[in-house]
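Accompanying notes for the structure given below.
Atom set for the values below is all heavy atoms of this structure, side chains included, hydrogens, waters and symmetry mates excluded. Letters A, B, ... are given to chains in the order of the sequence lines, protein chains preceding strands, and every chain is numbered from 1. It should be emphasised that the depicted structure is a prediction, and the values quoted were computed from it without experimental measurement.
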Amino acid sequence: MTFPGGRRALTAVVALVLVVVGGLAWALWPSGHPVRGQDTAITVVDGPADDQHVTLDATFFPPASGGKAPAVLLAHGFGGSKQSVRDLAVRLSQRGYAVLTWSARGFGRSTGEIALNSPDYEVKDVRQLVDWLAKRPEVRLDRAGDPRVGIAGGSYGGAIALMTAAYDSRIDAIAPEITWNDLADALFPDAGGNGPMNGVFKKMWAGIFFSSGGSDLAPDGGLDAASLAGLSGPSGAAKALTPQQVQCGRFLPAICEMYQTVASTGRATPEAISLLRRSSPSSVPDGIRIPTLLIQGQRDSLFPLGQADANARQIAATGAPVEIAWINGGHDGGDSEPDWVFDRTAGWFDRWLKNSPGTTADANGAGTGTGTGSDAFTVSRDGGRDPGTRQTVLVHAAAGGYPGLSGTDKTTVTLSGPEQQVANPPGGSPASISSVPGFGGLLRSSGGLGVSIDVPGQAAAFESAPLAAPAHVTGSPTVQVKVYGTGEATLFAKLYDSSGGPVAVLPSSLVAPFRVTATEAGTPVTVTLPAIDRTFDAGHRMRVVISTTDLGFSTPAAPAVYRIGLASPELTVPADPALITPSTGPAWWTWALPLAAIVAAAAIVLTRRARPARSAGDRPDLADVPLVITGLGKRYSNGEKAVDDLSFRVDKGQVLGLLGPNGAGKTTTMRMLMGLILPDEGEIRIFGHPVVPGAPVLSRLGSFVEGPGFLPHLSGRANLELYWQATGRPAEDSHLEEALEIAGLGAALERAVRTYSQGMRQRLAIAQAMLGLPDLLVLDEPTNGLDPPQIAEMRKVLKAYAQRGRTVIVSSHLLGEVEQTCSHVVVMHRGRLVSEGPVDGLLGSSTPNGSGHRLEDVFLDLIGESR
Amino acid sequence: MSAPASPAAGENTLGYAPGYTPGRTLPLRVEIVRQFRRRRTMAMFALLLALPWVLVVAFQFGPGSNGGNSLRLSDLATAGGLNFAAFALSVSASFLLVVAVALFCGDTVASEANWSSLRYLLAAPIPRDRLLRQKLIVALGYSAAAVTVLPLMALLAGTLAFGWNDIRVPGTGEIIAASDVLPKFALVIGYALVSQLVVAAMAFLLSVSTDSPLGAVGGAVGLVIVSSILQAVEALGSFREFLPTFWNTAWLDALSPQPDYSGMIKGVSVSVTYSVILIAFAFRRFRRKDVVS
């Protein structure tokens with residue numbers, strides 16, 4: 001592809017490339033200071049009697065900003081190690097914190113056994129890490145031995161943050177994520193509200209929990225499908241393990257024993273509950289008195305939102321500031337929003353560790369409880385798909401206060417449905433599926449909808465009428481059911497969003513298990529359904545399903561049949577209208593860009609006007625002179641002059657011959673005459689009017705320059721007709737038939753021009769030039785391709801044309817032709833005028849060497865070449 | 001051959017030939033006729049009109065209905081005329097319609113230069129701005145016809161072949177009433193038009209800059225290809241939103257149960273921005289360009 005004279009286009013392309021490359025470089029340029037962690041081994045002493053020596057594998061990241069900075073302890077999740085949080089540590093360090101990561105006892109390269117964040121073990125370890133931090137020169141101190149320090153971490157690491165905060169008053173702020181308040185309650189939930197002794201064993205999660213800690217070879221990365229896959233392999237255990245080790249891995253024997261007991265029976269024991277509770281923040285109700293940011297996952301069947309709710313209530317009761325965020329992800333997958341969580345966590349520490357020097361653990365009595373900020377409660381909601389990337393985007397609805405799981409607003413939805421019989425299958429199989437712990441992401445379709453399977457005959461369903469208006473649910477709905485039958489029934493309640501389509505959606509894939517003793521008269525039970533945040537669209541139905549099985553839970557093996565009915569048709573639905581999604585209007589550039597473009601376009605167009613400013617006015621005194629050329633000059637792009645200081649004049653009635661060898665500048669002059677190319681200097685006037693591109697006076701000019709130009713797919717007649725119509729002039733002025741007669745094409749006139757011979761096109765082009773009988777006719781090599789009779793005809797035509805007061809300019813190589821046709825001659829050579837005047841005068845005056853009076857001789861003399 | 005008849009009194013003080021008015025040169029009707037009888041115009045429209053029928057025949061060869069469980073756009077194409085039209089538009093918008101629009105807008109000035117007819121039009125004289133304006137209007141008109149005729153023919157073909165049914169939304173399988181979708185379908189076609197405006201403007205600018213019609217058409221298609229490639233570079237992040245092709249499929253949002261127009265608004269914004277500037281450059285270039293073809 002060529003760009004004739006396209007330096008400007010080239011510039012545009014280069015500019016575009018520069019913009020793209022610059023943008024890429026900007027996007028990909030490495031940013032920030034490199035942060036180097038210092039690996040270290042910290043020896044601690046713990047145990048109930050403070051007699052166990054444990055070496056913790058730790059890494060210290062000094063603050064990138066240098067100087068003394070607040071410290072953050074970054075704890076890892078279950079099955080992970082200090083490597084799992086390395087990236088976060090680097091980011092926090094770049095943000096100006098001294099960060100200490102460590103592998104908890106029993107994980108990674110640290111020694112010791114897993115004690116589930118027990119106050120006797122892990123909490124003591126972390127307190128000694130705080131001692132260690134207090135000795136670091138990079139760490140800011142509130143007083144001797146008391147560093148300014150916060151703790152963050154997810155899941156197992158979140159629990160240690162809470163537990164340490166409860167046992168060590170030197171901690172200044174914490175940001176625990178997806179963690180528990182009461183481990184017993186998390187593993188033995190009872191949605192009927194009768195506590196873990198009556199709870200249903202969450203067997204699959206518990207199994208994963210204990211097995212991933214049970215292997216000392218658990219890969220870094222925490223609880224997910226990948227780590228499970230790693231467990232199943234022949235994980236390079238070179239050393240022989242004792243049966244005890246095989247069974248318990250790195251767990252403390254007491255915990256291992258407890259797990260084996262409850263996992264075998266599927267029921268909690270008082271010992272198990274007291275052991276689990278000791279590792280739970282719920283055991284220290286007044287302990288945590290510092291600013292706490294609780295981040296909990298909506299897709300979390302291990303530690304559901306209720307755990308964070310309990311933490312929030314417990315900590316807020318002490319008067320400490322608490323903020324809570326429900327993120328999209330959780331232990332069941334979904335989007336764990338790492339960037340948003342990081343920003344929120346770092347912001348929390350910025351607020352409570354960096355600034356306000358008075359805010360310490362001792363000063364938190366002044367805290368205002370929940371609802372301190374405008375976004376004290378944040379919920380990640382589905383913001384639809386990003387229209388560009390087609391990926392799901394999340395929006396963060398925020399409210400000034402956290403209302404708890406019962407919401408600020410309660411509505412009731414009426415359910416209906418008969419009493420239904422449900423069977424508990426022998427052995428508990430096949431089981432309904434809500435989520436598969438550890439594989440939560442796998443069950444989710446691309447649309448992010450939870451797929452849930454209920455086994456027919458095992459589930460009773462109660463449905464509302466289609467909703468008249470959208471219903472926003474934030475919190476735990478409650479429903480009252482009656483269970484008829486005999487014996488103890490283990491049941492699972494779920495709230496579906498049914499659109500009437502083939503698949504009903506189970507929000508967040510959560511179920512609420514409950515255990516109840518069925519009676520023939522019917523045992524009423526109020527079931528607290530899982531806490532969710534969801535909008536049920538208008539026209540959708542709410543469907544409560546009670547099933548007898550769920551894959552994730554331990555269910556009785558004995559077959560049984562119960563009847564389930566509604567104790568009350570009312571489903572109580574909590575909502576929090578204060579949650580407001582920040583409105584995202586159209587991005588500012590959607591209107592600014594087009595406006596800017598229009599302004600730019602106007603500038604682009606208007607700064608280059610069609611008419612040159614130096615264009616002189618009309619010269620009425622020249623109105624009768626067909627053509628005056630004054631001082632005309634045109635350079636090629638290489639600077640060579642194609643036409644140089646050319647001046648001549650053509651009067652009415654003349655037939656002017658423009659002569660010159662190839663490259664003399666004849667065609668360039670003719671193009672300038674037609675307004676096709678712009679002269680660099682001088683001017684051309686036709687009937688006194690200066691010639692510029694599109695000058696109206698060109699309507700009095702008929703031209704044929706450098707070959708014909710027709711639309712090849714149209715006939716000769718159509719070409720001429722359309723050409724005349726394109727001039728916009730009245731059809732009766734065209735004198736089409738006369739012109740066609742000159743062309744003499746006969747029947748060929750109706751054929752497509754592409755079938756024409758060169759001569760036919762030539763004649764048609766001359767006819768086109770004569771359309772409308774212009775006052776000035778310019779013909780370039782008109783006789784090329786014509787046969788001798790046609791040339792003779794053409795000669796007559798041109799002469800007759802000029803005799804009627806019109807003017808003809810002809811360029812030709814055929815000097816004899818010019819001699820016979822023209823009255824006047826202009827001779828050009830190398831862009832300059834060599835001679836002008838009547839043909840007769842030229843022939844009469846110049847016979848220097850006595851040769852014949854032939855134009856050819858004169859011409860060759862003039863241009864300086866002789867035969 | 002005979003000599004021409006006596007000359008008309010052609011002179012006037014303004015220098016205009018009798019009956020000549022710059023504002024009446026190259027009427028749209030003339031330009032439409034000039035372009036219409038071209039083979040490439042005919043062939044392109046024949047292709048666009050035949051494609052839906054080819055697709056209909058192609059679907060008849062399939063392994064039959066796969067139970068209606070799959071919710072991809074291509075599998076839902078046989079669910080009804082509207083589904084079929086949406087499918088036809090989605091498969092052709094990314095390339096076929098781009099080529100059609102690039103052809104009509106890229107060829108318009110360059111082919112005149114190639115035939116040498118441009119210089120006679122300019123010497124007629126048709127003022128350069130007016131020539132460009134009229135040619136742009138007609139080229140955009142043909143482009144609009146191309147973008148419109150394909151989904152409309154697909155609607156007709158799909159309705160005859162698969163019946164007039166409500167639309168099934170890809171992904172969720174939800175049903176939207178045909179009467180609700182029909183106005184949105186007009187919106188979709190309108191958006192497809194606007195999103196092709198960048199291609200049209202780029203082709204037009206190249207058409208003004210080169211004598212080679214193929215170069216202009218190819219250049220505009222090349223722009224789309226380069227833009228599509230850049231679009232795949234995730235590292236560009238939100239820069240990609242400003243690529244001219246980035247929002248080309250945003251019209252799918254209008255057919256979902258909860259229509260989201262934000263992508264389409266952004267797409268219109270980006271498209272208009274590029275187009276206005278490219279067309280401005282086309283006019284600027286052409287105004288004082290030396291026509292040497």
At what distance, to the nearest 0.5 angstrom, does [atom1] of [X] lie from [atom2] of [Y]?
| X | Y | atom1 | atom2 | value |
| --- | --- | --- | --- | --- |
| B/Y120 | A/Y723 | OH | OH | 8.5 Å |
| A/Q725 | B/R34 | CD | CZ | 10.5 Å |
| B/R37 | A/L714 | CZ | CG | 5.5 Å |
| A/H713 | B/R39 | NE2 | CZ | 10.5 Å |

Show your reasoning for whether side-chain hydrogen bond (donor to acceptor under 3.5 Å, both in side chains) applies to A/T607 and B/R284.
-> CA-CA 8 Å; A/T607 52; B/R284 183 188 166 94; 2.6 Å; yes
Which of the residues A/G772, A/P708, A/A739 is involved in the greatest number of heavy-atom pairs with chain B at under 4.5 angstrom?
->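 Looking at each of A/G772, A/P708, A/A739 in turn, A/P708 comes out on top.
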If you look only at pairs with a residue in residues 223-233 of chain B, which of them pass as a salt bridge (Lys or Arg N to Asp or Glu O under 4.0 Å), with sequence neighbours excluded?
-> none
Heavy-atom side-chain proximity of B/E241 to A/W589 below 4.5 angstrom =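 Side-chain contact under 4.5 Å: yes.
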What part of [X] gets closer than 4.5 Å to chain B, counting heavy atoms only: side chain, backbone, both or neither?
| X | answer |
| --- | --- |
| A/L722 | both |
| A/P774 | neither |
| A/Q768 | side chain |
| A/D537 | side chain |

CZ (B/R38) with more than 12 external heavy atoms under 6.0 Å |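 Counting neighbours around CZ of B/R38, more than 12 heavy atoms of other residues, nucleotides or ligands fall under 6.0 Å, so yes.
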SB check B/D290 A/R671 (cutoff 4.0 Å) |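 Result for this pair is no, no salt bridge flagged.
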